[in-house]
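Notes follow once the structure below has been shown.
Protein chains get the first letters and strands the later ones, always in sequence-line order, with residue 1 at the start of each.
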Amino acid sequence: MSSRRSRSRQSGSSRITDDQIYDLVSKLQQLLPEVRNSHSDKVSAAKVLQETCNYIRSLHREVDDLSERLSELLATTDSAQAAIIRSLLRQ
Amino acid sequence: MNPSSLKSRFATRFLRALTQIHARKPICSSSPTEIFRRYRRIKAAADKSMAYSVRSRKTWTGAVLWKLRSRSCGRRSAKTSTFIKSQQAIMKRTRHEKQNKNTTTTTTTGEHGVGFGVEASELRELVPGGEAMDYCNLLDETAHYIKCLTTQVKVMKKIADFYSL
């Protein structure tokens, strides 16, 4: 089996330890909504990455939907109301 | 609301941009084309506001702003074409490395050794500027990117709810 060290090293960067990667992956795991509640303490890194990709895609979709919704709402609301709302949200 | 939090910095910037977008066409224009154009502007304003609201130095914010600028400019200046060339050179190098690695490795599950395979390249496409990052930075920037995206979604949702009252 090829050594794990050569796998985890990228050119131009200092030696990346497996522990570092594990820490980063578990940090990501904490941010994901579903995997956080997973029963097993150690989820495979590949699964975490997969869930991360899905989560980012769903967030992008949400941003798109909200932008569209705001665009339609802006067409109907008037500017005075907008100024009031802005000052309300600032507090 | 904490005035110096990322959330409030983003909310202020984004609201200001929204007011500007709304002020551009005061006459009610609700044709589908107008709505679509405004949607593009709002989305760009949201991404821009978030990128500017980030205080710490991150690669993805620069990539977002660069993409927005190059899209609005339309033409390629000498600076951007060298940027693209450098990105492509980095991509070629990392792809070449990945090919060499993938012949000897398989995506492992449950082990410390992480596959630099399909999932990582998918992630690189999703995170702005991800193509040029090494693996550690990619994971770090992804975590920060997700945090900012969730803040963005929360604030936009609040604003949309207020407007629809």
Side-chain angles (χ1 to χ4, degrees), chain A residues 1-2 4 6-8 10-14 16-25 27-28 30-32 40 42-50 52-53 55-57 59-60 62-79 81-83 85-86 88-91, chain B residues 1 8 11-12 15-16 18-19 21-23 26 28-30 34-36 38-40 42-43 46-47 93-94 97 101 104-105 107-117 119-120 122-123 126-127 134-136 139-140 142-143 145-147 149-150 152-153 156-160 162-164:
Chain A
M1 191 160 94
S2 54
R4 227 187 275 155
S6 64
R7 234 194 280 158
S8 51
Q10 300 243 10
S11 79
S13 65
S14 55
I16 302 170
T17 63
D18 288 342
D19 287 333
Q20 255 180 295
I21 295 187
Y22 180 68
D23 286 340
L24 288 167
V25 169
K27 189 169 87 169
L28 265 182
Q30 294 306 309
L31 292 169
L32 301 176
S40 74
K42 199 166 154 191
V43 188
S44 81
K47 182 148 196 284
V48 172
L49 288 185
Q50 187 60 46
T52 310
C53 291
Y55 189 47
I56 293 182
R57 279 194 204 106
L59 284 174
H60 282 168
E62 274 198 70
V63 169
D64 278 344
D65 290 341
L66 283 167
S67 303
E68 222 180 301
R69 194 173 146 202
L70 278 172
S71 167
E72 287 166 13
L73 287 169
L74 270 187
T76 53
T77 195
D78 65 12
S79 51
Q81 192 185 2
I85 291 171
R86 186 153 55 116
L88 275 175
L89 279 172
R90 274 242 190 86
Q91 287 157 14
Chain B
M1 203 195 292
S8 65
T12 318
L15 281 167
R16 203 178 295 152
L18 273 184
T19 325
I21 294 173
H22 180 71
C28 263
S29 38
S30 31
E34 266 314 308
I35 292 185
F36 180 74
R38 221 178 4 244
Y39 144 74
R40 293 295 295 268
I42 292 177
K43 183 158 182 288
D47 291 338
R93 225 189 313 141
T94 51
E97 280 169 17
K101 285 200 180 103
T104 53
T105 70
T107 317
T108 55
T109 54
E111 270 187 287
H112 275 296
V114 182
F116 293 99
E119 297 89 11
E122 266 186 54
L123 199 55
L126 285 170
V127 176
D134 65 49
Y135 194 66
C136 258
L139 294 179
D140 184 54
T142 306
Y145 184 55
I146 289 182
K147 186 182 107 180
L149 269 182
T150 47
Q152 191 174 333
V153 164
M156 287 174 83
K157 222 179 253 179
K158 257 199 192 158
I159 296 178
F162 263 114
Y163 266 109
S164 46

Is the shortest side-chain heavy-atom distance between [X] and [Y] below 4.5 Å?
| X | Y | result |
| --- | --- | --- |
| B:L139 | A:T52 | no |
| A:E62 | B:K157 | yes |
| A:L70 | B:R38 | no |
| A:I56 | B:T142 | yes |
| A:L66 | B:I42 | no |
| B:T150 | A:Y55 | yes |

Below 4.5 Å from any heavy atom of chain A, which atoms of B:A143 appear? Answer side chain, backbone, both or neither.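 The answer is both parts of B:A143.
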Measure distances from B:E122 to the heavy atoms of chain A and classify the residue's part below 4.5 Å as side chain, backbone, both or neither.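 Both parts, backbone and side chain.
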Distance check, rounded to the nearest 0.5 Å: [X] atom [atom1] versus [Y] atom [atom2]?
| X | Y | atom1 | atom2 | value |
| --- | --- | --- | --- | --- |
| A:L31 | B:Y145 | CG | OH | 14.0 Å |
| B:L123 | A:Q50 | CG | CD | 10.0 Å |
| B:K43 | A:S71 | NZ | OG | 13.0 Å |

At their closest point, which heavy atom of A:H60 faces which heavy atom of B:L126, and how far apart are they?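 In terms of heavy atoms, the two residues are closest at CE1-O, 3.8 Å.
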Would you find more than 12 non-hydrogen atoms of other residues, nucleotides or ligands less than 6.0 Å from B:R40 atom CZ?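 No, the 6.0 Å shell around CZ holds no more than 12 heavy atoms from other groups.
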List in chain and number order the residues that pass side chain to side chain donor-acceptor pair (under 3.5 Å) with A:E68, two or more places apart in sequence or in another chain; answer none if no residue qualifies.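 Testing A:E68 for side chain to side chain donor-acceptor pair (under 3.5 Å), a comparison that skips the adjacent residues, returns none.
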For B:Y39, which residues count as a side chain to side chain donor-acceptor pair (under 3.5 Å) partner, sequence neighbours excluded?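 For B:Y39 the side chain to side chain donor-acceptor pair (under 3.5 Å) partners, ignoring immediate neighbours, are A:D64.
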